[in-house]
**Student:** 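I am attaching a structure below and will ask some questions about it afterwards.
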There are 2 protein chains.
Amino acid sequence: MPKQNTVFKDAYNRCLRLLVVGESLPSEPELCSLLGVSRTTVRSILSQMVESGLIEWNKRSKAVQRPPSRADYFPEHETSSLSDMIERTFMKRILMGGAEPGMQINELELAREIGVGTTSVREFLIRFSRFGLIEKRPNSHWVLKGFTRQFAEELTDVREMFELKSAAAFAGLPADDPAWVELESLRRAHVEVLADIDSRYLEFSELDDRLHRLIQQASGNRFIIDFYDIIAIVFHYHYQWNKANARERNGKAILEHLDYIEALKTRRPEAVEAACRLHLSSARQSLMQSLSTVA
Amino acid sequence: MPKQNTVFKDAYNRCLRLLVVGESLPSEPELCSLLGVSRTTVRSILSQMVESGLIEWNKRSKAVQRPPSRADYFPEHETSSLSDMIERTFMKRILMGGAEPGMQINELELAREIGVGTTSVREFLIRFSRFGLIEKRPNSHWVLKGFTRQFAEELTDVREMFELKSAAAFAGLPADDPAWVELESLRRAHVEVLADIDSRYLEFSELDDRLHRLIQQASGNRFIIDFYDIIAIVFHYHYQWNKANARERNGKAILEHLDYIEALKTRRPEAVEAACRLHLSSARQSLMQSLSTVA
DNA sequence: GAGCTGCACATTATCGACAAAGAACACGGA
DNA sequence: TCCGTGTTCTTTGTCGATAATGTGCAGCTC
């Protein structure tokens with residue numbers, strides 16, 4: 001199979017939610033921007049919807065015939081791209097399963113295990129190598145360097161360097177920069193989650209990602225911004241499978257975030273630096289602690 | 001053609017230089033480590049040498065029959081790997097040819113132009129993307145972000161952050177660390193080139209690379225060390241095609257390096273930082289200047 | 001018994017092929 | 001005149017196949 005039609009399936013599912021019985025779907029170009037795909041894909045979706053009796057389609061008119069049912073949706077697992085699947089499987093292996101540093105990684109074996117071609121695995125590994133967890137021996141295998149305490153230290157060292165710089169840049173942003181609006185909206189989101197922390201503490205991850213990305217953005221430096229991808233993927237997968245003390249940890253972090261946000265709003269460099277250092281050292285500490293319980 | 005035998009050809013050429021008439025080549029495993037290839041490749045080389053009448057091969061004896069001639073060598077251009085070729089062609093295009101930011105990069109076109117399969121080009125682009133000069137639109141083309149003044153500034157900003165940290169770590173290295181020996185040998189190499197600067201100023205690039213890599217190494221941080229690859233490739237190609245004032249620029253830089261090395265040897269943090277800053281700001285300036293003459 | 005060779009096998013690098021997804025163009029209706 | 005549609009063409013993502021290269025094992029030689 002040359003290419004997965006996951007783009008189609010995912011867009012189809014999202015398009016199902018746009019159906020309102022009695023109304024007509026918007027024009028093709030409009031659907032394109034709504035769904036974020038090309039017209040070719042939109043037209044495939046419309047054709048499929050005609051087949052399923054969901055709509056009648058004649059030129060400009062796309063009249064909705066019936067509401068979508070559970071069965072109209074494609075199964076969720078068919079909607080994620082190949083590389084996402086590979087990423088998940090791979091991360092699971094190296095963060096959970098026994099993944100001693102120095103272990104060899106075999107493209108062919110990985111491909112067979114996941115049930116995809118070698119090319120996809122290869123390209124994934126190349127992309128993934130920039131995260132510093134694996135390394136290639138040319139004409140030979142990849143070597144796993146391991147998600148070790150050492151790795152976590154190197155990662156957080158750079159993170160702190162970068163974020164201090166970004167935070168300082170953020171504080172220096174002109175008053176009419178849209179980032180301030182976004183910051184305020186993030187602050188409110190934090191307060192909301194905090195108010196119901198016992199049942200919503202898992203939403204912290206997303207807040208964390210948004211806040212830190214917003215701050216890195218202020219650096220205006222693509223290397224700093226790109227580096228955050230490494231942080232994000234590591235934290236994402238690590239905490240996804242390691243939820244010990246998550247409730248307590250996240251509650252504390254939200255409070256730190258709020259302090260951090262307040263400090264940014266004062267635009268006083270010393271206040272920003274202090275809050276930034278405090279939060280980062282606390283994040284480092286949680287990561288290190290959770291590492292010792294695993295490895 | 002499934003795979004280029006460039007490893008074979010390159011190793012063969014290097015092996016030719018080991019031939020001494022009347023003597024025998026060493027054992028297969030020894031040749032392996034000498035040439036940095038596997039036994040399979042060594043045996044292919046030996047077979048080929050038998051075919052060419054260069055040696056007689058019987059088990060452990062590999063008696064050299066005649067000295068290699070010019071014609072025995074494979075042409076140089078056949079000895080570099082596919083990805084090196086792609087890299088060179090690509091860098092030439094984006095650093096020399098009109099490469100306006102925002103331009104689209106077409107995998108297929110690139111592949112045809114270079115005369116390789118799309119897979120190789122694709123993998124190269126993925127690897128190359130970490131340098132921040134291109135960016136992928138999924139399911140669509142790559143976008144060239146351009147080797148602009150902006151890029152150079154972002155690059156050098158991070159470089160300065162990292163190198164200051166590395167230099168400080170270097171100064172703190174224990175007295176018996178092998179890096180000190182290497183540093184001294186590098187210092188002597190600088191002095192030698194400086195003594196004959198008019199004819200040897202082109203050797204500066206290599207000295208530069210060695211010195212900075214040695215310093216980054218001291219950070220013990222893979223992200224810092226890996227980042228230097230970006231610096232290296234940019235400087236390598238940029239100055240390779242832009243030799244204006246090279247003689248003067250390199251002479252000045254060598255003097256700065258010598259100061260920098262002396263400062264490191266004092267192991268006094270302030271002296272190290274001062275010399276480091278001085279050299280880096282001068283390097284930044286040359287890069288910016290050479291950029292304005294080009295773009 | 002330590003290291004070398006001979007051999008068989010495993011894995012990587014590269015290609016061409018093909019379906020999915022994107023992009024360009026001309027026509028036609030408001 | 002402008003936007004939407006119908007159509008066609010280009011490019012990407014993924015696969016299986018194949019030569020180059022690397023790796024492991026058994027027996028041989030010093």
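This one's a predicted model, so the numbers in the text were calculated from it and none came from an experiment. Here is the naming used below: chain letters follow the sequence lines, and residue numbers restart at 1 for every chain.
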**Student:** Would you say the side chain of A:Lys3 and the base of D:dT12 hold a donor-acceptor pair, judged only by whether the two atoms sit under 3.5 Å apart?
**Tutor:**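 Donor-acceptor pair under 3.5 Å: yes.
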**Student:** For A:Phe90 together with A:Tyr237, are the ring centres under 6.0 Å from each other?
**Tutor:** no
**Student:** Does the Lys NZ or Arg CZ of B:Arg17 fall within the cation-pi geometry relative to B:Tyr12 - under 6.0 Å from the ring centre and within 45° of the axis?
**Tutor:** no
**Student:** Mind grabbing the angle between the end helix axes of the helix from C:dG1-D:dC30 to C:dA30-D:dT1? Five pairs an end, 10° rounding.
**Tutor:** 30°
**Student:** In whole Å, what is the span from the CD1 atom of A:Ile114 to the C1' atom of D:dC15?
**Tutor:**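 In whole Å, D:dC15 C1' lies 15 Å from A:Ile114 CD1.
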**Student:** Tell me whether the OP1 or OP2 atom of D:dT23 has a side-chain N or O from A:Ser140 closer than 4.0 Å.
**Tutor:**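 So the side chain of A:Ser140 is within the cut-off, an N or O lying under 4.0 Å from OP1 or OP2 of D:dT23.
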**Student:** Return yes if some donor-acceptor pair links the side-chain N/O of B:Asp72 with the main-chain N/O of B:Ser69 below 3.5 Å, else return no.
**Tutor:**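 Judged by distance alone, yes, a pair lies under 3.5 Å.
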**Student:** Let me know the distance between CG of A:Asn139 and P of D:dA20, rounded to the nearest Å.
**Tutor:** 13 Å
**Student:** Between residues 21-35 of chain A and DNA chain D, which residues have a heavy-atom gap below 4.0 Å?
**Tutor:**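 By residue number: A:Ser27, A:Glu28, A:Pro29.
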**Student:** Less than 4.5 Å apart, any side-chain heavy atom of A:Leu133 and any of A:Lys145?
**Tutor:**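 No, every pair of side-chain atoms sits at 4.5 Å or beyond.
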**Student:** Could you grab the distance from atom CG of A:Leu25 to atom CG of A:Leu46, nearest 0.5 Å is fine?
**Tutor:**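 With rounding to 0.5 Å, CG (A:Leu25) is 6.5 Å from CG (A:Leu46).
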**Student:** Could A:Arg130 and B:Phe128 be counted as a cation-pi pair, given that NZ or CZ must be under 6.0 Å from the ring centre and within 45° of the axis?
**Tutor:** no
**Student:** B:Phe227 versus B:Phe223: any side-chain heavy-atom pair under 4.5 Å?
**Tutor:**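 No; the side chains remain at least 4.5 Å from each other.
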**Student:** Could you tell me whether B:Lys9 contacts a base, only the sugar-phosphate backbone, or nothing, with contacts defined as non-hydrogen atoms closer than 4.0 Å?
**Tutor:**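 Contact class for B:Lys9: none.
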**Student:** So does B:Glu28 pair up with B:Lys62, basic N to acidic O under 4.0 Å?
**Tutor:** no
**Student:** What's the verdict on ring-ring contact (aromatic ring centres under 6.0 Å, His included) for A:Phe162 and B:Phe162, showing C-alpha distance, side-chain angles and the deciding distance?
**Tutor:** CA-CA 10 Å; A:Phe162 281 175; B:Phe162 281 174; 5.5 Å; yes
**Student:** State, with a plain yes or no, whether a side-chain heavy atom of B:Ile233 is found less than 4.5 Å away from one of B:Met91.
**Tutor:** yes
**Student:** For A:Tyr73, is the NZ or CZ atom of A:Arg70 found under 6.0 angstrom from the centre of its six-membered ring and inside 45 degrees of the ring axis?
**Tutor:** yes
**Student:** Given atom CD of A:Glu107 and atom P of D:dC15, what is their separation to the nearest angstrom?
**Tutor:** 13 Å
**Student:** One pair to check against salt bridge (charged side-chain N to carboxylate O under 4.0 Å, His left out): B:Arg213 and B:Asp208. What are the steps and the verdict?
**Tutor:** CA-CA 8 Å; B:Arg213 275 193 202 280; B:Asp208 192 60; over 6 Å; no
**Student:** Do B:Val21 and B:Val64 come within less than 4.5 Å of each other through their side chains, counting heavy atoms only?
**Tutor:** yes
**Student:** Return the value, rounded to whole Å, for the distance between atom CD of A:Glu109 and atom C1' of D:dG22.
**Tutor:**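 Interatomic distance, CD of A:Glu109 to C1' of D:dG22: 16 Å.
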**Student:** Short of 4.0 Å, heavy atom to strand atom, which residues of residues 121-138 of chain A count as contacting DNA chain D?
**Tutor:**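 Within this stretch, nothing sits under 4.0 Å of the strand.
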**Student:** Can you tell if the side chain of B:Leu16 reaches within under 4.5 Å of the side chain of B:Leu54, non-hydrogen atoms only?
**Tutor:** yes
**Student:** Using a cut-off of strictly less than 4.0 Å between a heavy atom of the residue and any atom of DNA chain D, enumerate the qualifying residues of residues 39-56 of chain B by number.
**Tutor:** B:Arg39, B:Thr40, B:Thr41
**Student:** Which sits closer to the 5' end of DNA chain D, B:Arg112 or A:Ser120, going by the nucleotide each is nearest to?
**Tutor:** B:Arg112
**Student:** For B:Asn5 and D:dT18, what is the distance between atoms CG and C1' respectively, to the nearest whole Å?
**Tutor:** 14 Å
**Student:** Rounding to an integer number of Å, can you tell me how far B:Ile105 CD1 sits from D:dT12 P?
**Tutor:** 10 Å
**Student:** List every contact pair, protein side and nucleotides 28-30 of chain D side both N or O, where the distance is under 3.5 Å.
**Tutor:**
none

**Student:** Going 5' to 3' along DNA chain C, between which two nucleotides do contacts with chain B fall, using a heavy-atom cut-off of 4.0 Å?
**Tutor:** C:dG3 to C:dA23
**Student:** Mapping A:Thr118 and A:Gln4 onto DNA chain C by nearest heavy atom, which one lands closer to the 5' end?
**Tutor:** A:Thr118
**Student:** State plainly whether the residues A:Glu87 and A:Arg127 are in salt-bridge range, i.e. N to O under 4.0 Å.
**Tutor:**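 Salt bridge absent between A:Glu87 and A:Arg127.
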**Student:** Could you give me the CA-CA distance, side-chain angles and deciding distance for A:Glu123 and A:Thr118, then say whether side-chain contact (heavy atoms from CB on, under 4.5 Å) is met?
**Tutor:** CA-CA 9 Å; A:Glu123 291 185 0; A:Thr118 50; over 6 Å; no
**Student:** Please say whether more than 12 non-hydrogen atoms of neighbouring residues, nucleotides or ligands are located less than 6.0 Å from CD in B:Glu78.
**Tutor:** yes
**Student:** What nucleic acid atoms does A:Ser83 come within less than 4.0 Å of, heavy atoms only: base, sugar-phosphate, or nothing?
**Tutor:** nothing
**Student:** More than 12 heavy atoms of other residues, nucleotides or ligands under 6.0 Å from CD of B:Glu113: yes or no?
**Tutor:** yes
**Student:** When you measure from the side-chain N and O atoms of B:Asn106 to the phosphate of D:dT11, is any distance below 4.0 Å, counting only OP1 and OP2?
**Tutor:** yes
**Student:** Is B:Asp84 salt-bridged to B:Arg88, going by a charged N under 4.0 Å from an acidic O?
**Tutor:**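 Answer for the salt bridge query: no.
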